[in-house]
Amino acid sequence: MISDIKKEQAAKLFEGAQDFLPILGTDHIELYVGNSRQAAHYYQTAFGFQPLAYSGLATGQKDRESYVLVQDKIRLVLSSPLSPGTDMGRHIDQHGDGVKVVAMWVEDAEQAFQETIKRGAQAYMQPTVKEDEHGRVKLSGIHTYGETVHVFVERKEYEGVFLPGYVSWNPEYQPSEIGLKYVDHMVGNVELGEMNTWVNFYRDVMGFTQIISFDDKDISTEYTALMSKVMSNGNGRIKFPINEPADGLKKSQIEEYLDFYHGPGVQHIAVTTNNIVETVTELKNRGVEFLRVPTTYYDTLIERVGEIDEDIDSLKNLGILVDRDDEGYLLQIFTKPIEPRPTMFFEIIQRKGATSFGKGNFKALFEAIEREQELRGTL
Ligand code: FE2
């Protein structure tokens, strides 16, 4: 036990010495949406997020209304503008509802800004201190792909509910949680030929390393293909797969995303659970729709992944996919897009040792996506 703790401390020291951008975890994800009040209701009702904080007219915020929701370590911020002609409104017009800010929790927001700017990042927000009666927070930010940004949040001197400017939001309506734990990874879709640009950005500017790569031989169906590389920060708490379309006979799901989002952006947010059968059962009961693979997927499942703890019939009924790597297995399922445009969706994932991303499921999954594209007339 003691040696474990020592090892951990040594690892931390080593990490601190090596990593010019130490990141403690995902701080929050902010979506710009058409109607933040109704979106908050959806994330409460369907996904079991709990109300945390509010900022808007009632707090003296004149240009936007934001709701903050939380489930274990996942914090979502949903923001809408209060008047026409705003940058936020233009963002929503251009992209539909989508992720604007992927915020990272850091020890030192000033240092995170200086180190990334020095390495070529474009400034989004100069280091800024925000204060209220609960303490002070330092924020800074840089641009990444498309109009997406990273905000660095330093909150070690803050005791408030979320950030200065927000008050506690505690409505009567509070549907229960559904077991979501933390953000496992967030995927960015970028244009053809741009994957390496952004892989290099995360490597050179943010100090991430590439942990996996998939090419079109791994990820292709009869019609469509894509390429993907997964970038991870030093302690592995932040993982960003970056996808670009590859040539296929018909339009790939990545191209469809880029067409409808009008540029690069966040494609999906993968969130973990410790019991995917219970979580997905609950999501379905609350109206969330998932992609389905043909039930024949389950005929050879055990041959492919070996023995697993879960009951195959439950997985089959819910449409949960399984994949194995050298370290263990994982269970995963993908929602349909959560808005009118076929853009952003969620992945629910349970890891049982596996550290990979479900490569063995890509083919079945992309065929399922293509059936949906066919229905939309966008294949
Ligand atoms: Fe994923």
Side-chain angles (χ1 to χ4, degrees), residues 26 29 31 47 73-74 76 98-99 102 144-145 148 180-190 195 198-199 202 208 210-216 218-221 224-233 236-246 252-254 256-258 261 264-273 276 279-280 283 288-293 297 305 318-325 327-338 342-370 372:
T26 309
I29 299 163
L31 290 93
F47 283 85
K73 294 192 170 59
I74 313 164
L76 291 183
V99 172
V102 179
T144 177
Y145 48 78
T148 318
L180 301 180
K181 295 289 177 193
Y182 59 87
V183 175
D184 186 90
H185 60 276
M186 289 184 71
V187 179
N189 281 346
V190 301
M195 175 178 68
W198 293 103
V199 163
Y202 282 107
F208 285 33
Q210 186 185 319
I211 54 171
I212 303 180
S213 119
F214 306 105
D215 63 19
D216 47 353
D218 296 316
I219 315 181
S220 69
T221 63
T224 71
L226 68 87
M227 298 200 287
S228 186
K229 288 182 177 173
V230 183
M231 303 305 290
S232 171
N233 81 314
R237 290 185 194 170
I238 309 283
K239 291 190 222 53
F240 293 146
I242 309 287
N243 294 336
E244 73 172 32
S252 82
Q253 45 157 321
I254 310 303
E256 184 194 39
Y257 175 100
L258 294 167
Y261 199 74
V266 171
Q267 179 210 37
H268 73 266
I269 304 173
V271 288
T272 61
T273 167
I276 197 166
T279 296
V280 172
L283 283 164
V288 175
E289 294 188 320
F290 293 93
L291 283 174
R292 294 303 297 242
V293 297
Y297 171 91
V305 302
L318 294 165
I320 293 166
L321 308 175
V322 191
D323 196 26
R324 186 178 281 279
D325 64 21
E327 289 158 278
Y329 68 97
L330 62 82
L331 304 112
Q332 63 185 169
I333 190 168
F334 298 82
T335 73
K336 291 184 180 179
I338 51 156
T343 52
M344 202 186 97
F345 56 90
F346 280 88
E347 172 181 351
I348 312 299
I349 184 166
Q350 182 177 5
R351 293 190 178 278
K352 295 198 139 177
T355 54
S356 53
F357 295 84
K359 178 176 158 178
N361 292 322
F362 288 166
K363 192 169 161 58
L365 200 60
F366 295 155
E367 284 169 352
I369 292 174
E370 282 163 15
E372 297 284 320

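Numbering of ligands and ligand atoms starts at 1, following listing order. Because the structure is a prediction, the values reported are computed rather than measured.
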Working for side-chain contact (heavy atoms from CB on, under 4.5 Å), residues Phe346 and Leu283: CA-CA 12 Å; Phe346 280 88; Leu283 283 164; over 6 Å; no

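Taking CG of Asn243 as the reference point, atom OH of Tyr257 lies at 10.5 Å (rounded to 0.5 Å). With rounding to the nearest 0.5 Å, the separation of CG in Leu331 from CG in Asp323 is 10.0 Å. Between Glu289 atom CD and Thr335 atom OG1 the span is 9.5 Å, to the nearest 0.5 Å.
Legend: residues meeting salt bridge (charged side-chain N to carboxylate O under 4.0 Å, His left out) with Asp325, ordered by chain and number and at least two apart, are absent.
For the Fe ion (ligand 1), the nearby protein N/O/S atoms, meaning those under 2.8 Å, are His185 NE2, His268 NE2, Glu347 OE1.
With Glu327 contributing its side chain and Thr355 its backbone, the two residues share no donor-acceptor pair below 3.5 Å.
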